[in-house]
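Reading through the structure tokens given below for one structure.
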Amino acid sequence: MVRIVLLGPPGSGKGTQAETLVKDYHLAHISTGNILRENIRKGTMLGKQAKAIIGSGQLVNDEIMIGIIKDAVKGKKNFILDGFPRTIKQAEDLEKINLSPNLSLYINCPDDAIIKRLSGRRTNPITQQTYNIYTNPPPKGMHVVQREDDRENVVKDRLAVYRKSTAPLIDFYKKKGILREVNGEQTIENVAKNVNAIMQKIA
Ligand code: AMP
């Protein structure tokens with residue numbers, strides 16, 4: 001059984017590393033951000049509730065989020081959570097439903113690198129594949145969009161929310177002895193190599 005929680009500031013590369021892990025270790029990738037954005041696109045009730053909150057860089061409330069997770073993990077034994085938990089309350093709720101992770105991968109990255117990465121991030125709205133106009137540009141002619149919350153003023157708010165509400169989870173999982181830290185300020189390939197080395201040890 002493999003249950004991984006990815007921790008790290010927005011733009012640290014959680015989604016990118018999750019994509020590699022999913023392929024290499026056959027895990028289900030559960031990204032709460034992607035689930036919420038999908039709901040916004042489809043115009044569901046949840047999407048309508050979440051749109052303004054996401055657009056302003058704040059967090060959707062814990063009760064709604066744990067409901068989403070319960071639904072998303074149904075029938076899945078091995079999974080990687082990307083973007084959840086984001087508060088201590090969410091981490092405690094995960095324990096209450098007997099889904100404690102056995103590894104928390106913390107991708108560390110300084111603020112200046114994050115601001116540059118997020119302002120350059122673009123997504124293919126059909127495949128959800130992400131690119132960066134500076135470091136990993138989309139193929140010529142591909143239609144890509146910028147996330148509303150990747151605008152610089154919102155990024156700063158997201159970082160503040162991360163520091164206040166999410167960063168305490170680093171200590172939370174450290175105390176449980178399951179936290180492993182990776183330097184996220186390297187090429188995607190090198191971060192993946194470090195992640196892989198950690199995976200080999202727990203496998
Ligand atoms: P992400 O794609 O992980 O950066 O998430 C985008 C946005 O979705 C966040 O800034 C939050 O507004 C919302 N969100 C995603 N996951 C959570 C969560 N676990 N708890 C609360 N809000 C979330």
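Note that ligands are numbered from 1 as they come in the structure, with each ligand's atoms numbered from 1 the same way.
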**Complete:** Out of Arg37, Arg158, Arg86, Arg147, the nearest non-hydrogen contact to atom 9 (C) of ligand 1 is supplied by Arg86

**Prompt:** What do we get for Lys89 next to ligand 1 when only non-hydrogen atoms under 4.0 Å count, side chain, backbone, both or neither?
**Reply:** neither

**Asked** So, is Met65 polar-close to ligand 1, with some N/O to N/O distance under 3.5 Å?
**Response** no

**Prompt:** Considering residues, nucleotides and ligands other than Lys76, do more than 12 of their heavy atoms fall under 6.0 Å from its NZ?
**Reply:** yes

**Item:** Minimal non-hydrogen separation, Asp149 against Val155, with atom names
**Value:** O-CG2, 3.8 Å

**Request:** Identify which one of His29, Lys14, Gln17 satisfies the side-chain hydrogen bond (donor to acceptor under 3.5 Å, both in side chains) criterion when paired with Asp82.
**Result:** His29

**Asked** With only distance considered, is Val60 within less than 3.5 Å of ligand 1 through an N or O on each side?
**Response** yes

**Message:** Taking 4.0 Å as the limit for heavy-atom contacts, which would you say applies to Leu36 with ligand 1: side chain only, backbone only, both, or neither?
**Reply:** side chain

**Item:** For Thr32, the ligand 1 atoms whose distance to one of its heavy atoms is below 4.0 Å
**Value:** 15 (C), 16 (N), 17 (C), 19 (N)

**Request:** Identify whether the distance between the nearest side-chain nitrogen and carboxylate oxygen of Asp93 and Lys89 falls below 4.0 Å.
**Result:** yes

**Message:** Within ligand 1, which atoms have a heavy atom of Gln90 less than 4.0 Å away?
**Reply:** 18 (C), 19 (N), 20 (N), 21 (C)

**Prompt:** Does Lys14 reach ligand 1, in the sense of a heavy atom lying below 4.0 Å from it?
**Reply:** no

**Asked** Rounded to the nearest 0.5 Å, how far does CD1 of Ile178 lie from NZ of Lys174?
**Response** 13.0 Å

**Request:** Within a distance under 4.0 Å of any heavy atom of Ile54, pick out the atoms of ligand 1 and give their elements.
**Result:** 7 (C), 8 (O), 12 (O), 13 (C)

**Complete:** Note: Gln58, heavy atoms under 4.0 Å from ligand 1, region reported as backbone

**Request:** In plain terms, say whether Glu95 and Lys176 are close enough for a salt bridge, that is, a side-chain N and a carboxylate O under 4.0 Å apart.
**Result:** yes

**Message:** If only side-chain N and O atoms count, and only distance matters, is there a donor-acceptor pair under 3.5 Å linking His26 with Asn78?
**Reply:** no

